[in-house]
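The next block holds one structure in the form of structure tokens; read it before the comments.
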Amino acid sequence: MSLFQRLWPSSLAGRLLLTIAFALLAGQLVNAALLVRAQREQALDRIAAEASVRLIAATDRLQQGRPLRERFGSRIERAPGFRLRRTDLTPDNPVQPDMRPAPGLVSRLAAILPSYGVPSTRIDAALMPAPPRARRVDRLAAEIGGRNDRPISKLALIAIQRPDGQWLSVRVPVPEASVRILATIIGQTVILYLVMLVPLVWLTRRIARSMGTLREGVAHFERTQEARSIEPTGPSDLADLTRSFNAMSARIAAMLNEKDVMLGAIGHDLKTPLAALRVRVESVPDDRQRERMVASIDDITRTLDDILTLARIGRTGEEREPVNLGALVEMIADEYRDLGQDVALADTPRIVVPLQLTWIRRALRNLIGNAVRYGARARVSIAQVPGRVSITIDDDGPGIPDDQIERMFEPFTRLEASRNMATGGTGLGLTLARAILHQHGGALRLENRRSAGGVVEGLRATMTLPMG
Amino acid sequence: MTDPVHILLIDDEPTLREPLAEYLTGQGFAVTEAGDAAKARTLMRDQRFSILLLDIMMPGEDGLSLCRHVAAQSETPVILLTAKGEAMDRIIGLEIGADDYVVKPFDPRELVARIKTVLRRAARVPQPAEDEPQGFEFDGWTLDTVKRRLTDPDGALVPISTAEFKLLQVFCEHAGHVLNRDQLLDLAHGREAHLFDRAIDNQISRLRKKVEADNRSPRLIKTVWGGGYTLAARVRRLASPDTP
């Protein structure tokens, strides 16, 4: 099982919730990325605006022949953080190749500057680390800004080459990306989760509860074949499904009841004349004739019983009771031994399984009976594996051709017609045994036992039953 | 016992009733036929019958209802004729007061044997139903003599054969007494004892396998040196097996 399979919930509610949670998270991540991007664009706009204002002012001064800096400084130069806001005129390009270029600023300035008549032959922009803040400033900033104050760590250096070849450059502090935006997004996500997931949990649980009721109803019907109306709850689709199921189970139950009544009537109607025939046979004087007639009547009776039994499996009111399966196997083995059959039984541990005793006894009798009839002898063993118990019945017969095994479970199937004549089976024994085991939630498997050389040594029937 | 046994045969199907009456008459019984429960009730008011053969499925009042009536009103034994072979039918049949049952189609000779057995039992035990315990309890085990089942101390059914059941019942009825083989045979199987003759030790060993924790050193069914066997446990008689 892969990690995904282990973490992926199996219930509808779990899957729905997890899927929605993932979709929501993805949406929020996209949202966050867009916000961060917008914030960066906004910062670039602000830097470009400040840079162009200062470049325009500096160009004006240079054109008017005034010094680049006033003695007492301009308003901008007196502003806090002035040290970070230098304007310089240098013969060389101050933007060094090892600085991170900022093409976003270049393109913005290229759009702004010409319209204000600032002549430039080249525009260059890059980001550079800010010089450390003086301690005095630091203290002051801390007093003013409190905890929100964070020292500027990066500067944008924007330089334009004037027509005379000199470089006019300004430094603009880059506003720090706010951590608040992330906090906002996380907070938003949490609120969204609460707003969406709480009602979703409520809704899915309601749906799950309705489906649970329906599932229980289906299981109950499967087990008892009694129609028990389930109250339609939950969303209309589910309620409709429940109503459809109710109608269907009621119809099936009615059909099954009809079948029972019919079979009971057939059984009674056939058995009474059979009984009459059986009594009349006693007056046949020829012993051989009489015995043959009795044998025929017995055959008909057995087949009739098997058919009626097959039709009634799962329909009797017999409750499942805890039964010591080991003792049951022992009793049936003893029965066959008393008839002179060769039945070997391995240790029979005390394994208690809830089952319908009459039926499982019948299945076991059929299987052990087959083994001694067709396979000369039966070797029976019983073993407990987690959750289930399995009974193995081996014989020493000719086995069954592999391609015929599945067919053996079909009603009235015998391997060869001739063999049936000699041994007198109804062809329903395996069908019955398998139906009984299925009714108990178990299974019946037939396979050929082979020697190391691949020669068939006999047949193995394995019946398994759930422990609870 | 010079009087012939008088059988009242109640079945709605003349095709079965008539040949069966004929056969039983041929076997030396006196047979009166009734086609339904009402006719049977009328007949029983005027005459005494030795035994009733009663079909369960009949139009009008069915066999079970009539059987209950007979069991309550008289001591006439009843053998049910039934088309069903289900365990539930057997339990119901015996619980409502029938003495035995045969499943259709039955071997008429077997029916005669059953009739004789039931009559013999009825003659031997004049008051059976009232005082007979419904079950026994020993060392945590429960032997339900109505449903003929053995339950272990943990409440699990332990399937045992009829012969083993009878043997265990005899042990319970004579708890603490030492029973030799002949006594066990006689008590468990009566006149058919000779059929089981050799099997008694075998049955004891099978029984031990099922009720003893260690069947090599049996604690419950003990072998008494030179004597026979005994059930070494306190046995409680149960009026109703469900309330031990």
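Because only heavy atoms are used, hydrogens play no part in the values below, and waters and symmetry mates are left out as well, while side chains stay in.
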At what distance, to the nearest 0.5 angstrom, does [atom1] of [X] lie from [atom2] of [Y]?
X	Y	atom1	atom2	answer
A:D334	B:R206	CG	CZ	3.5 Å
A:L277	B:T15	CG	OG1	10.5 Å
B:L157	A:L355	CG	CG	8.5 Å
B:M57	A:K271	CE	NZ	10.0 Å
A:M331	B:E164	CE	CD	8.0 Å
A:E282	B:Q27	CD	CD	8.0 Å

* Region of B:L20 that comes under 4.5 Å of a non-hydrogen atom in chain A -> both
* Structure fact -> If one checks every heavy atom of B:R17 against chain A at 4.5 Å, the contacting part turns out to be neither
* Are A:E321 and B:R149 close enough for a salt bridge, meaning some N to O gap below 4.0 Å? -> yes
* Quick one: does B:K209's side chain get under 4.5 Å of A:T348's, heavy atoms only? -> no
* Asked: Would you say A:R278 and B:P108 make side-chain contact, with heavy atoms under 4.5 Å?
  -> yes
* Counting only heavy atoms not in A:R280, do more than 12 fall under 6.0 Å of its CZ? -> no
* Would one find more than 12 heavy atoms of other residues, nucleotides or ligands at under 6.0 Å from atom CG of A:D347? -> no
* When heavy-atom pairs shorter than 4.5 Å are enumerated against chain A, which of B:D154, B:L81, B:D55 gives the highest number? -> B:D154
* Structure fact -> Cut-off 4.5 Å, heavy atoms of chain B, and the answer for A:T272 is both
* Measure A:L274 against the heavy atoms of chain B and call it side chain, backbone, both or neither at under 4.5 Å. => both
* Could you tell me which of A:I297, A:D338, A:L325, A:V329 has the largest number of non-hydrogen atom pairs under 4.5 Å with chain B? => A:D338
* Nearest non-hydrogen partners of B:G155 and A:P322, listed with the distance -> O-CG, 3.6 Å
* **Residue pair B:A156 / A:N324: nearest heavy atoms and the distance that separates them** => CB-N, 4.3 Å
